[in-house]
Structures are given as structure tokens and as C-alpha cells.
Amino acid sequence: EILKSFKWHLEFITDKNQTPLTRKDVETHTIYVNINDDFEVYRECHLLAENLNDIKIFNQILTYYKKCHSYSNVNTRIYPILGGGSTTKDVYAHEILLGKSLVLTIVDSDKHFPNAQLGDTAKGVKRIDEEKKAFNACCYIMESVLEIENLIPLHVYKNYVNDHLELKPAMDAIIKIHESNPALLNY
């Protein structure tokens, strides 16, 4: 049942002469893995983000997704790796060079408005991704938000302000912006 919800699958083969599986219901990407290269197929996915708080939020999103789709009993193994802002591209390049694990990199766009240019971190990661085209790596740039904090639902901030009344004027301003145009809060 869970396999039907994925848009694509990865299939690892260790023999170049092996015939890849053919799946008619989904798109399958086949990756040849040389077992002498120490690629650990069953190891956890490395999640690369700019800082530990970003990874905590991504884990919350994953937990929520699993709960909403009745996948709570599905074990997910993610190993957090920190990029530290501008050095994220270097860590991403290093993970690709090591080639031992799957690595998913998620970075903020740092765009202050929809048509703005990507920030330096996102540009650097995107450049590495396009240059390397690595079998074990993928990057996702959150282009429709400035920072990961923009993904946090407004009600979470409202609940927080209830315990921190000194932030109420700022929350009132955010609510006014949201009422005039909710999309503005993405940037």
C-alpha cells in the first residue's frame, strides 16, 4: 500500500549485466552500485540542511506526513548533516565525493520576494548539483519561501505568543499582513 503513494522508486543493482526490474505502475530509477566502492544501500539517508533547527522542523513535517497518511508505523532513518549556511555547498560536494550514502539537501531560497534571485547558499548547492549530477544526491531548494520558518503554520506562532505576550504587537502585525495577502508571509 505504501509503495503506491510514491511517484518514483530507486532500484539498486550490483551487476551491470543484471536486467533492471520493470514496473508499469511507477517510474523506477535504476542505479548501478559497484560493491567495491563501499556504497551502503541500506544505510540511512543523509539529510543535509543549513542548521540543526531546520532538520528538527523537517523531522516534524515527516512525522506529521506519516501520521496524516497512516504511515506512523513506517520506520524512517535520517542522519542529520549540517551545512552551516554558505558552506552547505561544500558539505554537499563532499557527500557526493564520498558516495557512500544517499544524501538529500534542503535549503532556503533566501528570496525576499517571488521574482528575486536565489540566495548564495541555494545558488551554490544548485551549481554543485548541476555540475556533479551524482547518482546518490538530490537537492531541493524551497523557492517559494524565504526561510524554513515561513513553513510553520500561523497557529503555531499564535499559540507561542499566548505564553510570550511581549510578542503580541509583532503577532498583530503578522495577522494584518496575513489578512491582506497570505502569500506575503512566504517572504
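Not measured: the values here are computed from a predicted model.
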Name the atoms and distances for all side-chain donor-acceptor pairs under 3.5 Å in residues 50-58, with sequence neighbours left out.
{"residue": "Glu50", "atom": "OE2", "partner": "Asp108", "partner atom": "N", "Å": "3.3"}
{"residue": "Asn51", "atom": "OD1", "partner": "Asn53", "partner atom": "N", "Å": "2.9"}
{"residue": "Asn51", "atom": "OD1", "partner": "Asp54", "partner atom": "N", "Å": "2.9"}

Contacts table for residues 176-187: side-chain donor-acceptor under 3.5 angstrom, sequence neighbours left out:
{"residue": "Ser180", "atom": "OG", "partner": "Ile177", "partner atom": "O", "Å": "2.9"}
{"residue": "Asn181", "atom": "OD1", "partner": "Ala183", "partner atom": "N", "Å": "3.1"}
{"residue": "Tyr187", "atom": "OH", "partner": "Ser144", "partner atom": "O", "Å": "3.4"}

Leu118 vs Lys126 side-chain heavy atoms within contact, under 4.5 Å = yes
Heavy-atom side-chain contact between Lys111 and Leu146 under 4.5 Å | no
Side-chain contact, heavy-atom cut-off 4.5 Å: Lys67 with Ser72?
-> yes
Report the distance from atom CD of Gln117 to atom NZ of Lys123, rounding to the nearest 0.5 Å.
-> 5.5 Å
Which pair of non-hydrogen atoms, one from Leu82 and one from Leu48, has the smallest distance, and what is that distance?
-> C-CD1, 3.8 Å
The ring-ring contact (aromatic ring centres under 6.0 Å, His included) partners of Tyr79 (sequence neighbours excluded) come to His46
Is the His69 ring parallel, tilted or perpendicular to the Tyr71 ring (thresholds 30°, 60°)?
-> parallel
Would Ile141 and Ile128 show up in the same hydrophobic cluster when neighbours are defined by side-chain heavy atoms closer than 4.5 Å?
-> yes
Taking atom CD1 of Ile81 and atom OG of Ser101, what is their separation to the nearest 0.5 Å?
-> 7.5 Å
So with a 6.0 Å cut-off around CG of Asp90, is the heavy-atom count from everything else above 12?
-> yes
Around atom CD of Glu143, are there more than 12 heavy atoms of other residues, nucleotides or ligands at under 6.0 Å?
-> yes
Joint cluster assignment, Ile174 & Ile152, ILVMFWY side-chain distance < 4.5 Å | yes
Would Thr76 and Lys66 count as having a side-chain donor-acceptor pair, cut-off 3.5 Å?
-> yes
Could you tell me which non-hydrogen atom of Gly84 sits nearest to which non-hydrogen atom of Thr87, and how far apart they are?
-> O-OG1, 3.5 Å
Atom CD1 of Ile96 and atom SG of Cys139: how far apart are they, to the nearest 0.5 Å?
-> 8.5 Å
Atom pairs and distances, side-chain donor-acceptor, residues 154-164, under 3.5 Å, sequence neighbours left out:
{"residue": "Tyr157", "atom": "OH", "partner": "Glu149", "partner atom": "O", "Å": "3.0"}
{"residue": "Asn159", "atom": "ND2", "partner": "His155", "partner atom": "O", "Å": "3.4"}
{"residue": "His164", "atom": "ND1", "partner": "Tyr160", "partner atom": "O", "Å": "3.0"}

Linked, directly or transitively: Ile106 and Val103 (ILVMFWY side chains, under 4.5 Å) | no
Check whether Leu47 and Tyr92 end up in the same hydrophobic cluster, where Ile, Leu, Val, Met, Phe, Trp and Tyr are linked by side-chain heavy atoms less than 4.5 Å apart.
-> no
Are Tyr140 and Tyr65 joined in one hydrophobic group, where the rule is that I, L, V, M, F, W and Y side chains link up if heavy atoms are under 4.5 Å apart?
-> no
Using the test salt bridge (charged side-chain N to carboxylate O under 4.0 Å, His left out), find all partners of Asp172 that sit at least two apart in sequence or belong to another chain.
-> Lys168
Could you tell me whether a side-chain N or O of Lys132 sits under 3.5 Å from a main-chain N or O of Asp129, the two making a donor and an acceptor?
-> no
Set of residues satisfying salt bridge (charged side-chain N to carboxylate O under 4.0 Å, His left out) with respect to Glu166, sequence neighbours excluded | none
Taking the side chain as every heavy atom from C-beta outward, state whether Leu151 and Val145 have any pair of such atoms under 4.5 Å apart.
-> yes
Flag side-chain contact, heavy atom, 4.5 Å: Leu62 against Ile78 | yes
